[in-house]
There are 2 protein chains.
Amino acid sequence: MKQGEDRRVTRTRRLLRQALVKRMREKSVSSITVKELCDECDINRGTFYSHYSDVAALLESIENDLFAQLQQMLAQLSAEEMLSRNNPSRTMVALFEFLRENADICAALLCDNGDPAFIERVRVFVRREVLGEWRHMFSDGDGERQEYTFAFLVSGSMGMLQHWLESGLTLTPEQMAEMLTEFITQGVAVMR
Amino acid sequence: MKQGEDRRVTRTRRLLRQALVKRMREKSVSSITVKELCDECDINRGTFYSHYSDVAALLESIENDLFAQLQQMLAQLSAEEMLSRNNPSRTMVALFEFLRENADICAALLCDNGDPAFIERVRVFVRREVLGEWRHMFSDGDGERQEYTFAFLVSGSMGMLQHWLESGLTLTPEQMAEMLTEFITQGVAVMR
DNA sequence: ACGGATACTAAACTGTGTGTTGATTATCTC
DNA sequence: GAGATAATCAACACACAGTTTAGTATCCGT
């Protein structure tokens, strides 16, 4: 009944999403107009409004889809992980693989004129999912200092991630996970 | 002749800058209209256009002023530094002091819906001025790895900085400089 | 492959912000 | 105080935002 959506709907939404992702490479989200997206993919402007209330809503639907996929992947992974506890950074590798597979969208969302709200969302996610794994390894210190530690690590991780996306994914997800893990647990600086 | 600018001009520009900084706390730059800024401070819209071509130009003038101040401060500082080479993090302390003094503007520019272009500008700056000091302390590794190291450190530093601005500047510039220096040179993680 | 349902189109219309202009008024500088 | 300059006011054409209408094309189930 509900399962198969109308092809026309699927097509329209797909085209609009592609157009938005494409534009986001060039300019900030909030300066992208409904008109230019519709012109781009020959969609009537009225049609746009029958699917989304505005550009922000279109963007949100893209982000939600991405996060839903991610959540699903992680849920499945942590089920497997329950059994074999031998590789703690498996989650991180999976994360980088996910990013690589959705590189076009992720790059658009996380690049310089990406969506700050989405970046913040990822930031919270990284803090919970990634740093959570290492939380027990950090010395407590006072609470305030730990806040700064986390701010440093989360932003640092995001920076690496952005650099990876911008520089054409030349490293493998495994290499990225390994390097990031090292930075977090052992620090970056090696004295001469 | 040129030195004392017309009071009216000064007043208009000051009001517009204040209005923009105020709005930037609430919404993204590119969604701020000329009209709402003019309404905010009772300035005729025509007057706005006799000073700036658009909102982006107004923003740019604020950023340029800030950077000019910063450059001047650093130039003066490095002159002193030439003589007494005993305290390598003096520059960093001065940087945090500068940020605290211009906290309102900096918070607006660097917060979640700040200006990505400005954030990038600061990023480049941090990389040159701050990390340059420690460059000799990093093991070389291959070039690519160093790129990731720098991406990690620069973004991490920015993250700490943003957290500082957002959390009401509860630490002193000295404490911030000390902590950041430690993170960069020794890493963050202390194993239990 | 037909027929009802539904998504899309085309074209209008109102509303709001943009960027500019020219005449007028207020304010500054000397 | 006089002349210069900046700000105001009102009106302009223009572009995009949303919404609505009637008409057309496409899809889906049987």
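Note that these values count all heavy atoms, side chains included, but never hydrogens, waters or copies made by symmetry. Per chain, numbering begins at 1; letters A, B, ... match sequence-line order.
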Round to a whole Å and report the spacing from [atom1] of [X] to [atom2] of [N].
| X | N | atom1 | atom2 | answer |
| --- | --- | --- | --- | --- |
| B:R11 | D:dA7 | CZ | P | 9 Å |
| A:D39 | C:dA10 | CG | P | 12 Å |
| A:Y52 | D:dT19 | OH | P | 16 Å |
| A:R7 | D:dC28 | CZ | P | 5 Å |
| B:I43 | C:dA26 | CD1 | C1' | 13 Å |
| B:H51 | D:dA7 | NE2 | C1' | 8 Å |

- Within the structure shown, what part of the strands sits under 4.0 Å from B:D42 by heavy-atom distance: base, sugar-phosphate, or nothing? sugar-phosphate
- Query: Within the side chain of B:E166, is there an N or O that forms a donor-acceptor pair under 3.5 Å with the backbone of B:H163?
  - Reply: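 Pair absent, no side-chain N/O of B:E166 close to backbone of B:H163.
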- Item | Whether A:T10 side chain and A:D6 backbone form a donor-acceptor pair below 3.5 Å |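 Checking the backbone N and O of A:D6 against the side chain of A:T10, a donor-acceptor pair under 3.5 Å is found.
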Between the protein and nucleotides 17-20 of chain C, which nitrogen or oxygen pairs come in under 3.5 angstrom?
| unit_1 | atom_1 | unit_2 | atom_2 | d |
| --- | --- | --- | --- | --- |
| C:dT18 | OP1 | B:V34 | N | 2.7 |
| C:dT18 | OP2 | B:K35 | N | 3.0 |
| C:dG19 | OP2 | B:Y49 | OH | 3.1 |
| C:dG19 | N7 | B:R45 | NH1 | 2.9 |
| C:dG19 | N7 | B:R45 | NH2 | 3.4 |
| C:dG19 | O6 | B:R45 | NH2 | 3.1 |

- Can we say B:R123 and B:E120 salt-bridge, meaning some charged N sits less than 4.0 Å from an Asp/Glu carboxylate O? yes
Do any N or O atoms of the protein come closer than 3.5 Å to N or O atoms of nucleotides 4-6 of chain C, and which pairs are they?
| unit_1 | atom_1 | unit_2 | atom_2 | d |
| --- | --- | --- | --- | --- |
| C:dT6 | O2 | A:R8 | NH1 | 2.9 |
| C:dT6 | O2 | A:R8 | NH2 | 3.3 |

- Message: Hydrogens and angles aside, do A:E144 and B:T170 bring a side-chain donor and acceptor to less than 3.5 Å of each other?
- Response: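 Looking only at side-chain atoms, B:T170 and A:E144 do form a donor-acceptor pair, the distance falling under 3.5 Å.
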- Using the six-membered ring of B:F150, assess whether NZ or CZ of B:R127 lies under 6.0 Å from its centre and within 45 degrees of the ring axis. no
- Message: Can you list, by chain and residue number, the hydrophobic cluster partners of A:V93 when the side-chain cut-off is 4.5 Å?
- Response: none
Show every donor-acceptor pair shorter than 3.5 Å between a side-chain atom in residues 16-24 of chain B and any protein atom, with sequence neighbours excluded, or say none if there are none.
| unit_1 | atom_1 | unit_2 | atom_2 | d |
| --- | --- | --- | --- | --- |
| B:R17 | NH1 | B:D65 | OD2 | 3.0 |
| B:R17 | NH2 | B:S61 | OG | 3.4 |
| B:K22 | NZ | B:E40 | OE2 | 2.9 |
| B:R23 | NH2 | B:E40 | OE1 | 2.6 |

- For B:D39, all residues meeting salt bridge (Lys or Arg N to Asp or Glu O under 4.0 Å), sequence neighbours excluded: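 Scan of B:D39 (salt bridge (Lys or Arg N to Asp or Glu O under 4.0 Å), adjacent residues dropped) gives B:K35.
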- Task: May I ask you to check whether A:W164 and B:Y148 place their ring centres under 6.0 Å from each other?
- Result: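 No, they do not, as the ring centres are separated by 6.0 Å or more.
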- With five pairs defining each end axis, the helix from C:dA1-D:dT30 to C:dC30-D:dG1 comes out bent, to 10°, by 50°
- Query: With a cut-off of 6.0 Å (strictly less than), are more than 12 heavy atoms of other residues, nucleotides or ligands near CZ of A:R11?
  - Reply: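 12 or below, so no.
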- Item | Side-chain N,O (B:T12) to OP1/OP2 (D:dA7) below 4.0 Å | yes
- Task: Take B:S155 and A:S155, measure what side-chain hydrogen bond (donor to acceptor under 3.5 Å, both in side chains) needs, and give me the verdict at the end.
- Result: CA-CA 5 Å; B:S155 293; A:S155 292; over 6 Å; no
- Message: If you go through the side-chain atoms of A:N44, does one of them form a donor-acceptor pair with the base of C:dA10 closer than 3.5 Å?
- Response: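 Yes.
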